[in-house]
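Computed from a prediction, not measured in an experiment: that's the story for all the values here.
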Amino acid sequence: DRERRVQVVGNPAGAREGAERAVPLFELDRVGYGVPGRQILREISMRLEQREIVGLIGPNGSGKSTLVKLLARQATAQTGAIHFLGQNIG
């Protein structure tokens, strides 16, 4: 059975040399989400910096849409914390 993974592609956090580290646009700390019988996202931790362009890639069923729904507050994380501009949103 092949493990499904979501990958975020873009500039690594803090990649801009000499730039002050601003409050991230989104910060996820050990976020998890599932439905009965299936864990969709497990302990996702990441930072999405302001003014950064990223891509979200992965196979069907790996949790890409679920992650976007959590960021858009269309779903609520079951574990962990999501911050938007430093404010806890879920």
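Taking each heavy atom of G63 and L41 in turn, the nearest pair found is O-CD2, 3.9 Å.
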**Study point:** Test log, rule side-chain contact (heavy atoms from CB on, under 4.5 Å), inputs I89 and F26
**Key:** CA-CA 10 Å; I89 62 168; F26 284 101; 4.1 Å; yes

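Note that OG1 of T76 is 8.0 Å distant from OH of Y33, once rounded to the nearest 0.5 Å. Summarising the geometry, atom OG belonging to S65 is positioned 8.0 Å from atom CG belonging to L56; distances are rounded to the nearest 0.5 Å.
With hydrogens and angles ignored, the 3.5 Å screen pairs no side-chain donor or acceptor of K69 with any backbone N or O of K64. Not one N or O on the side chain of E27 forms a donor-acceptor pair closer than 3.5 Å with the backbone of L48. With Q50 contributing its side chain and V23 its backbone, the two residues share a donor-acceptor pair below 3.5 Å. A donor-acceptor pair under 3.5 Å links the side-chain atoms of T79 to the main chain of G32, judged by distance alone.
Atom CD of Q74 has more than 12 heavy atoms from other residues, nucleotides or ligands within 6.0 Å.
Looking at heavy atoms from C-beta onward, N88 lies out of side-chain contact with I82 at the 4.5 angstrom threshold. Between S45 and L28 the shortest side-chain heavy-atom distance does not fall below 4.5 Å.
Classification of E49 and R47 as a salt-bridged pair holds, one side-chain N sitting under 4.0 Å from a carboxylate O.
At a threshold of 4.5 Å between side-chain heavy atoms, the hydrophobic network of Ile, Leu, Val, Met, Phe, Trp and Tyr places L70 and L85 in one connected group.
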